[in-house]
Amino acid sequence: MPLCPSARESSWSSRAMAEESQEMGGIHFPFPFPPYPIQKDFMAELYKVLEAGKIGIFESPTGTGKSLSLICGALSWLRDFEQKKLQAEAGLLAPASGPTSSGRNSVLSSSSCQEPSDTLRPAGDPDWVTEFVQKKEERDLVERLREEQLRRRKREERLQEVCQDGRRRFAAKRSRQEEEETETLLRLSREMLAADTAPEQLGQLECGEEHLVLAEYESDEERRGSRADEGEDDLEEEHITKIYYCSRTHSQLAQFVREVQKSPFGKETRLVSLGSRQSLCVNEDVKSLGSVHLMNDRCVDMQRRKHKKMRIGEDKPKRRRQKMQASCPFYNHEQMELLRDEILLEVKDMEQLVALGKEAQACPYYGSRFAIPAAQLVVLPYPMLLHAATRQAAGIRLQGQVVIIDEAHNLIDTITNIHSTEVNGSQLCQAHSQLLQYMERYRKRLKAKNLMYIKQILYLLDKFVAVLGGNVKQNPSTQSLPQTGSELQSINDFLFQSQVDNINLFKVQRYLEKSMLSRKLFGFTECFGVVLPSLSDSEENRGLGGFQQFLKSLQSGPPEDSLEEGQAVALRPASPLMHIEAFLEALTTANQDGRVIVNRQGSVGQSSLKFLLLNPAVHFAQVVKECRALVIAGGTMQPVSDFREQLLACSGVEASRVVEFSCGHVIPPDNILPLIICSGPSNQQLEFTYQRRELPQMMEETGRILCNLCNVVPGGMVCFLPSYEYLRQVHAHWDKTGLLARLSVRKKIFQEPKRASQVEQVLTAYSTCIASCSHSEGHLTGALLLSVVGGKMSEGINFSDDLGRCVVMVGMPYPNIKSPELQEKMAYLDQTIPRTHGQPPPGTVLIENLCMKAINQSIGRAIRHQKDFASIVLLDHRYARPSILAKLPAWIRDRVEVKATFGPAFAAMRKFHREKSHPCLG
């Protein structure tokens, strides 16, 4: 039975007493079991960071209970914060006592969404003026507290009512006001379509086609005057102080929610899980679209046409789509408000939320958003927090809140990728053709402003194709380019070369957003296909036969043989104009923070325009500025200089506000053996640079090392190589020289597949082989998995126990220094980040950090719990350099041994695994 709201506040402390009690520095941390010492330290440091409003970079290796430490540490702080706030409010609202300065300051500092009202007053004001102003502020504060208290009481009463009376949870019906609104909207829609039209001139639209025509467009300037008096925030619920927790994937978020459910806070915390429509939509018609772009557009479109009825043409010949979509039956405000209350009653993961939405006939996607204001813990994926427009659309307010970003080792790359976008020549040409045909069909029905913007967009598309070296009216796949290569330009230079610098891109982008033109265009092509029969003989479409065939092939999607194995059907392609819209939005970023890469390949269709974000801090700064405290956490955060310099310093954060915390591992020191091996069995120095790694002697030395290790390592070995191509070369060379056969005597060889759909199959076969070998007495002692750094196996895969008794890293996987994107990023950092005395330039540091992040992620696949053990072998003498050693995780760096020759290294490996596998022999 879920806990009723009236019991929640006392439950924060009473339930905690039934769990393991931990007192650290006078702070009580409930925990489901006796925590490790490093977990105690983690929670205490986290509490300090949140209390002081600082920014913390927390590193806690996998297997050390990081999620539970985050949950218990952060929610303990929130518990104390709420209790302090309630006590301060009670003191201020007590009838016998006036507001004290300490109580007043306490409440002001605890306000989550309001700025302190203290402002600087002239020093020369008389005492009576100062006293009058102070009393007025105190009266305003008391009034605001009474209103907040009333809202909180109403919310608790509402939740308690839902908790006690389950029968009325899903019994609400549409109100009479909504019925009247429906009739009004339907009447206005008919009047709008009938206004200023002459049927004899416009011709007859097909059934259900009216919704494809753009409504009259008002710019922001025109709209501002007419809406100045509208109060939009009157009915908005206040956002209480809360914690926003985000991670990279929905599976990681689901795991976190399960940890909350098992924690001492699982019964009384108001938690809401946010996700995409792909994860939360319960409308089968929308889910069947597959593409997230199409689902988003269809969902919004169904809301806007909520007043329209389902209409099916019965007597007319059917085209590709004759049915007009009705409003979504799950988008019902009254039902979604009930769903909101259900969400807040007890902690639910994403699957439970979807099941509840289906049962309640209410949309979980919007119901979860309705629950944000009253929630104490909001769980959401990266893009929803890091992308400003998505954040705003979801109703997320960070002002005065706590933000925790977990699995943050790739945070910089994630922000860069979210705000970088690419369009190819095929998409540009397809968008131009579709938009041209749309304009021709509805020219007489479109208002002048719509026509003006559509012509500007057509002009932009024409010029963008011309920059690639093509003609927008010809088939892009058959237009070969005489010159190929990549050209990198600033935004201003690109706009000037494209001859579009005279167009206000901000207004065009705003028009696309507000008019929903890409949505209309997709509906148009869905109804009629790419080529309209009624226009096939017109002037505009003559001579385009080959081009039309090309567009038809694009509309039909990729051929079957291009689909990955296990993928039943191809997702329907989104409107190409959606990609162009994202590209235009990126171009409106400040000029110095981005570049445009003009990539010309063999044909116009293969060529592309890519926006590259150079400064992720320009988007991260708003998060840092608004939130009360920020925690960036991960299992492997080294090297942290990237976070400090590229994200935090460039976001305006002072170094004194940043706190670093790194804890050791829970395993005993002798359960891990990290070795740096500088030379192989034949005394060949190990240096896997790009120039040397493909030498036959280097590949053979690597094979000999693995043959020796396979003789002493039980169970599974995972060997990481720099790239798929190098893995292929090494495997082929070993096969040719007989080394592969020698390896196969002791270990069965597996290779990481390129296709994501085959990863699970390979991992299953790998684990099955190891399990079978552990129960047999044959020569085969396990398996060897050849993987790629940065590939499918280097992140998120758990090689615990016998699955990963040894991890081998071949060489140092530096990124491609010749990449134009990387060269521009290096140049940008050299120009914007001050160079530390005695250190290499920031661009060079970036290259080394990218390499070390990839290494740390790969070697972190082993050692997943307290009783686990494994050896870690780094094959390259460059690992022994102090600058490289300093960027290894502390729990590995403190125990690493450098072996100049192979003999002592092999002896150490044999001794370690013999003692761990057979303790009685040690």
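Positions are given from 1, in the same order as the sequence printed here. These numbers come from the heavy atoms of this one structure, side chains and all, not from hydrogens, waters or symmetry mates. Just so we're clear, the structure is a prediction, and the values are computed from it rather than from any experiment.
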| Working for side-chain contact (heavy atoms from CB on, under 4.5 Å), residues V807 and M717 | CA-CA 6 Å; V807 176; M717 285 177 57; over 6 Å; no
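- Here D406 contributes atom CG and L411 contributes atom CG; the two are 11.0 Å apart, rounded to the nearest 0.5 Å.
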| Test log, rule side-chain hydrogen bond (donor to acceptor under 3.5 Å, both in side chains), inputs S486 and N599 | CA-CA 4 Å; S486 297; N599 185 22; 3.1 Å; yes
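- Side chain of Y245 to main chain of I71: no donor-acceptor pair is present (N/O by atom type, distance under 3.5 Å, no hydrogens or angles).
- With contacts defined as side-chain heavy-atom distances shorter than 4.5 Å, the pair M909/N708 does not qualify.
- Taking the charged nitrogens against the carboxylate oxygens, K853 and D413 have no contact shorter than 4.0 Å, which rules out a salt bridge.
- With no hydrogens or angles considered, a side-chain donor-acceptor pair links E752 and Y724 at under 3.5 Å.
- For the 3.5 Å distance criterion, the side chains of Q684 and S679 fail to qualify, holding no donor opposite an acceptor.
- Under the 4.0 Å criterion applied to side-chain N and carboxylate O atoms, E407 and K66 are assigned as salt-bridge partners.
- Salt bridge status for E660 with R644: present, with a side-chain N to carboxylate O gap under 4.0 Å.
- For the pair S819 (side chain) and N816 (backbone), a donor-acceptor distance under 3.5 Å is absent.
- Counting only distance, with no hydrogens or angles, the side chain of N671 and the backbone of D868 share a donor-acceptor pair below 3.5 Å.
- No donor-acceptor pair under 3.5 Å is formed between the side chain of Y382 and the backbone N or O of I415.
- By the neighbour-count criterion of 12 heavy atoms within 6.0 Å, atom NZ of K748 is sparsely surrounded, having that number or fewer from other residues, nucleotides or ligands.
- The CG atom of L612 sits 9.5 Å away from atom CG of N417, with the distance rounded to the nearest 0.5 Å.
- Here the straight-line distance linking atom CZ of F912 with atom OG of S917 works out to 8.5 Å at 0.5 Å rounding.
- Annotation: F31 is in aromatic contact with F33 [ring centroid separation under 6.0 Å].
- Side-chain contact check for Q255 and R258: at least one donor-acceptor pair (N or O, by modelled atom type) lies under 3.5 Å.
- Of the N and O atoms on the side chains of E725 and Q729, at least one donor lies less than 3.5 Å from an acceptor on the other residue.
- Nearest heavy atoms, S273 versus L353: O-CD2, 3.6 Å.
- There is no side-chain donor-acceptor pair under 3.5 Å between S420 and T416.
- Defined by atom type and a distance below 3.5 Å, a donor-acceptor pair is present between the side-chain atoms of S279 and H250.
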| query | Stepwise, does the side-chain contact (heavy atoms from CB on, under 4.5 Å) test hold for F688 with M812? | reply | CA-CA 7 Å; F688 293 89; M812 300 186 66; over 6 Å; no
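- Shown here for L763 and M793, the closest heavy-atom pair between the two residues is CD2-SD, 3.6 Å.
- The existence of a salt bridge linking E821 and K610 is confirmed by a sub-4.0 Å separation between a basic side-chain nitrogen and an acidic carboxylate oxygen.
- In this structure, CG on L721 lies 8.5 Å from OG on S787, to the nearest 0.5 angstrom.
- Using a 4.0 Å cut-off between charged nitrogen and carboxylate oxygen, R895 and D670 do not count as a salt-bridge pair.
- Under the 3.5 Å distance criterion, the side-chain polar atoms of Q39 are matched with a main-chain donor or acceptor of Y36.
- The aromatic rings of F58 and F661 sit tilted, their planes meeting at an angle between 30° and 60°.
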| query | Does the side-chain hydrogen bond (donor to acceptor under 3.5 Å, both in side chains) test come out yes or no for E422 and N424, once each step is laid out? | reply | CA-CA 7 Å; E422 185 173 14; N424 59 47; over 6 Å; no
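- Side-chain N or O atoms of E701 include none that pairs as donor or acceptor with a backbone N or O of M698 at under 3.5 Å.
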| After noting the C-alpha distance and the side-chain angles of H731 and M699, does the key distance pass the side-chain contact (heavy atoms from CB on, under 4.5 Å) rule? | CA-CA 9 Å; H731 191 274; M699 292 191 279; over 6 Å; no
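- No donor-acceptor distance shorter than 3.5 angstrom exists from the side chain of K916 to the backbone of I672, with no hydrogens or angles considered.
- No more than 12 heavy atoms of other residues, nucleotides or ligands shown are found within 6.0 angstrom of CD on E351.
- With a 4.5 Å cut-off on side-chain heavy atoms, R693 and S723 count as touching.
- Under 3.5 Å, the side chains of S871 and H913 contain a donor-acceptor pair of N or O atoms.
- We find that E848 and K887 are joined by a salt bridge, their nearest charged nitrogen and carboxylate oxygen being less than 4.0 Å apart.
- Taking both residues in full, the closest heavy atoms of G716 and I770 are given as CA-CD1, 3.5 Å, listed atom of the first, atom of the second, then distance.
- With values rounded to the nearest 0.5 angstrom, Q638 atom CD is found 12.0 Å from Q857 atom CD.
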| task | Apply side-chain contact (heavy atoms from CB on, under 4.5 Å) to I855 and M852, showing your working. | result | CA-CA 5 Å; I855 291 168; M852 292 308 298; 3.8 Å; yes
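- In this structure, S662 and E59 approach most closely via the heavy-atom pair OG-OE1, 2.7 Å.
- Under the 3.5 Å distance criterion, the side-chain polar atoms of R704 are left unmatched by any main-chain donor or acceptor of P681.
- Under the 3.5 Å distance criterion, with hydrogens and angles disregarded, a donor-acceptor pair is assigned to the side chains of D801 and H865.
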| message | As a quick check of understanding, evaluate salt bridge (Lys or Arg N to Asp or Glu O under 4.0 Å) for R881 and D876, giving each step before the final call. | response | CA-CA 10 Å; R881 295 173 181 171; D876 201 305; over 6 Å; no
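- In this structure, the separation between CZ on R746 and CG on L706 is 14.5 Å, given to the nearest 0.5 Å.
- Shortest non-hydrogen contact noted between Y879 and G811 is OH-O, 2.7 Å.
- Just one of D642, L846, N849 meets the side chain to side chain contact (heavy atoms under 4.5 Å, CB included) condition when paired with I412; it is D642.
- The two residues V713 and T781 have their closest heavy-atom pair at O-OG1, 4.1 Å.
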